[in-house]
Q: 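Below is the structure I would like to discuss, written out as structure tokens.
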Amino acid sequence: MCLATAYLNEGSEEPILRDIAYMRFNGDHVKMKTLFGEERVILGRVLEIDFSTSKIILDQYRASTIESNFSKEDKA
């Protein structure tokens, strides 16, 4: 099984999250969850998803990553 790896901006070599099993797009946020339960929300957008390499390229709107406990409506 190949799980996805997310990177900020094109050309970045350092991943921000590995083993991504779930993604959700909610307005200007990208929510990701790993196979191991780690959750991360990025304020930004998806630029590219390459299924052949399991690589996700994100464009972050702000310099900081938002660590989050997701709202009840997202868990439904």
Side-chain angles (χ1 to χ4, degrees):
M1 175 188 324
C2 291
L3 300 172
T5 301
Y7 300 85
L8 284 181
N9 304 317
E10 294 182 74
S12 176
E13 295 180 22
E14 184 65 31
I16 60 165
L17 193 61
R18 295 180 189 269
D19 301 319
I20 298 167
Y22 172 86
M23 287 185 77
R24 181 178 179 132
F25 311 104
N26 187 3
D28 59 357
H29 291 80
V30 178
K31 178 172 43 174
M32 299 172 282
K33 187 174 181 178
T34 70
L35 184 64
F36 309 106
E38 181 181 355
E39 298 174 342
R40 183 165 287 176
V41 176
I42 301 294
L43 182 59
R45 64 189 177 114
V46 173
L47 292 178
E48 177 181 327
I49 298 174
D50 186 339
F51 292 103
S52 66
T53 61
S54 299
K55 190 174 187 179
I56 301 165
I57 308 297
L58 301 169
D59 181 28
Q60 192 172 33
Y61 293 149
R62 294 186 195 155
S64 63
T65 300
I66 303 168
E67 298 296 332
S68 172
N69 290 327
F70 302 122
S71 66
K72 290 179 185 175
E73 71 181 41
D74 288 337
K75 289 188 177 185

Q: Return the set of residues passing side chain to side chain contact (heavy atoms under 4.5 Å, CB included) with Phe36 (not counting sequence neighbours), or none when no residue passes.
A: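 In terms of side chain to side chain contact (heavy atoms under 4.5 Å, CB included), with neighbours along the sequence ignored, Phe36 is linked to Asp19, Thr34.
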Q: Starting from Val46, can I reach Leu8 by hopping between I/L/V/M/F/W/Y residues whose side chains sit under 4.5 Å apart?
A: yes
Q: Has Phe25 got more than 12 heavy atoms of other residues, nucleotides or ligands less than 6.0 Å from its CZ?
A: yes
Q: For Ser54, give me all partners under side chain to side chain contact (heavy atoms under 4.5 Å, CB included), at least two apart in sequence or on another chain.
A: Cys2
Q: Looking only at non-hydrogen atoms, find the nearest pair between Asn9 and Gln60 and report the distance.
A: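 Heavy atoms only, the tightest pair is OD1-N, 4.3 Å.
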Q: Please list all pairs passing the salt bridge (charged side-chain N to carboxylate O under 4.0 Å, His left out) test where one or both residues lie in residues 44-53, with sequence neighbours left out.
A: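 Residue pairs with at least one partner in residues 44-53: Arg45-Asp59.
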Q: Taking the side chain as C-beta and beyond, is there a heavy-atom pair between Lys31 and Asn26 under 4.5 Å?
A: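 Result no, sub-4.5 Å side-chain heavy-atom pair not found.
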Q: Can you check whether Ile49 reaches Lys55 side chain to side chain, under 4.5 Å on heavy atoms?
A: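 In short, these two side chains do not touch, never coming nearer than 4.5 Å.
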Q: Is there a side-chain contact between Ile56 and Ile20 in this structure, where contact means two heavy atoms from C-beta onward sitting under 4.5 Å apart?
A: yes
Q: So Met32 and Ile42, do their side chains get closer than 4.5 Å, heavy atoms only?
A: yes
Q: Quick one: does Val30's side chain get under 4.5 Å of Met23's, heavy atoms only?
A: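 They are in contact (side-chain heavy atoms under 4.5 Å apart), so the answer is yes.
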Q: Locate the shortest heavy-atom distance separating Pro15 from Arg18; write the atom from each residue and the value.
A: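 Nearest pair, atom of Pro15 first, then Arg18: CG-NH2, 3.2 Å.
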Q: Atom CG of Leu47 and atom OH of Tyr7: how far apart are they, to the nearest 0.5 Å?
A: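 Here the interatomic distance stands at 14.5 Å.
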Q: Do the side chains of Ile16 and Leu58 get nearer than 4.5 Å, heavy atoms only?
A: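 Yes, their side chains come closer than 4.5 Å.
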